Every structure is written in C-alpha cells, then in structure tokens.
Amino acid sequence: MAVEKTRAIILRVVEFSETSCIVTLFTEDFGKVGALAKGGRRPKGPFEGAIDLLALVRIVLLRKSSDTLDLLTEAKLDRRFRAAQRELARLYAGYYVAELLSELTEPGDPHRELFRAADATLAALDSSHSVPEAVFLFELTALLEAGHLPSLEQCVVCGRMVESEKRVAFGMTAGGVLCEECRPGRRGVVSVSRAVIEAMRNGSEWVMGDQQNRDYTQFLLQPALQGELRAVMNNYFAHLVGHRLKMSDYLGALPPN
Ligand SMILES: [Zn+2]
C-alpha cells in the first residue's frame with residue numbers, strides 16, 4: 001500500500017454506509033480513482049465537509065492493489081463549486097465537466113493538462129465568465145487529450161483540403177470533415193455550416209496553443225452559432241462514447257450568456 005498525496009476534483013459521491021461514502025475522483029497525478037471515504041458522510045467527520053461534488057481538494061490516498069478501492073484518508077478543501085447557488089446553467093455545465101472526465105478517461109490514467117483545464121473551467125463557471133465558451137473549450141481540451149479532436153480542414157479519410165463551401169459534410173464516426181468523394185455511402189454524416197466548422201477550428205487552435213497563459217475571456221462564440229454548435233458537439237460525443245451524454249440535453253437549454 002502506497003501513501004500518495006495529490007490534488008483532485010470530486011466527480012461523484014455515492015453512499016456506502018450510514019457514515020461512509022465512495023467517491024470518484026479525478027486526480028492530478030493518477031487520473032480517475034475510486035476511493036472509500038470512511039466517515040465521509042459525517043459533517044464533523046475526518047473530512048470536515050470537504051467531500052462535495054466538483055470541489056477541488058488536496059487529498060491523501062492509500063492506494064490498494066488493482067481490484068480494490070483506494071482509501072481516502074484526508075481531503076482538504078481548496079475550492080468549493082458554488083455555482084449552483086447562483087445559476088442553474090452553471091451547475092449543469094459543472095456536472096457536464098464531471099461527466100466528460102468520467103466518460104473520456106480510464107481509471108489510473110493520468111492527464112495533467114486535462115486536470116488543469118477542468119480546474120480552470122470549474123473556476124470560470126463559478127465566476128461570471130460566459131458558460132458556452134467555457135464548456136466548448138473544455139470539450140475540445142478533453143477531445144485533444146483523448147486523441148479525438150476532429151479533423152476540421154482536411155478530409156478525415158483522404159487528407160485532401162475541404163474547400164470553403166457554405167456547408168460541410170462532417171462524419172461523426174469518421175471523426176471530421178469529408179470531401180465530396182469520400183462522403184457517399186458513409187454513415188453518421190451530417191451537414192454542418194462553414195461558420196460552425198470555423199468556430200470548432202478556432203477553438204481547437206486555442207486549446208492546442210499556449211496552455212500556461214490562457215485567458216478564457218479572449219475566446220468568444222457568436223451567439224447565433226451556439227444552437228448548431230451544441231447539436232454537433234452533442235452528436236459527436238454520443239458517437240464517441242456510444243451513448244448520448246446525460247447532461248447534453250441540459251446544455252441545450254443554456255442561455256447565450
Ligand atoms: Zn476525402
């Protein structure tokens with residue numbers, strides 16, 4: 001058994017007994033981890049209320065062998081996710097961040113950039129930052145880290161540049177734009193406006209750029225594009241993970257700001 005210290009975002013809390021719970025954590029150093037928190041449900045227990053959904057915590061873990069849960073022995077609160085008290089759209093977006101982390105990463109597979117992006121996104125959602133941009137940039141970071149950023153300029157099948165037309169064929173299963181020759185006969189192809197493809201390309205460049213000096217206020221989405229963009233992203237993630245993400249429908253109802 002190894003004792004490890006790291007930072008973590010709490011993705012899920014499930015009751016285990018009257019006083020204990022099982023938490024799913026996205027940790028900075030070990031990726032997704034499931035751990036038993038003894039006394040975690042007692043308000044005055046050893047964790048002093050730090051076990052809270054989407055909270056950023058500093059933890060001590062007793063790492064067990066592969067087929068048993070780790071033991072969470074300490075959790076100190078760095079930041080609680082308070083958005084729920086202000087606006088439902090921010091809460092839903094926070095849940096969506098947790099869902100993406102759960103669905104797109106494997107247990108014990110660390111993704112430090114994704115951890116930092118999740119931390120920054122939750123902080124942005126908890127501020128007055130615009131929700132659609134924060135969600136979109138986090139989605140693209142998650143896709144980049146998982147190796148599924150779609151091809152947006154070159155045909156995903158043959159590599160030819162897909163020239164500027166008003167609408168572009170986008171292969172959900174193929175993972176990007178398709179040229180006219182590669183499009184026929186493919187399944188899961190949707191027609192996407194050039195403007196939305198451009199927004200996705202700009203966002204992709206943004207997440208591939210300088211990760212240290214990010215200013216979330218510098219990226220803006222045109223409100224008129226947001227409905228179509230959400231539909232495309234929801235559809236793409238559904239193809240990627242094999243089912244529609246639970247929070248997708250709630251994001252559709254997000255106001256433009
Ligand atoms: Zn092609």
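Both counts, for ligands and for their atoms, begin at 1 and track the order of listing. Predicted model only: the values in this text are computed from it and were never measured.
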> Which value, rounded to the nearest 0.5 Å, describes the distance between L77 atom CG and I10 atom CD1?
Replying inline: 8.0 Å

> Under 30°, 30 to 60°, or over 60°: which ring-plane class applies to Y236 and F170, parallel, tilted or perpendicular?
Replying inline: perpendicular

> Think R63 forms a cation-pi with F30, using NZ or CZ under 6.0 Å from the six-ring centre and within 45 degrees of its axis?
Replying inline: yes

>> Given a threshold of 2.8 Å, state how many protein N/O/S atoms are nearer than that to the Zn ion (ligand 1).
In response: 4

>> Counting C-beta onward and ignoring hydrogens, is there a side-chain heavy-atom pair between V33 and F26 closer than 4.5 Å?
In response: no

>> Take a 6.0 Å sphere around CD of Q222 and say whether it holds more than 12 heavy atoms from other residues, nucleotides or ligands.
In response: no

> Just wondering, are more than 12 heavy atoms of other shown residues or ligands nearer than 6.0 Å to CD in E205?
Replying inline: yes

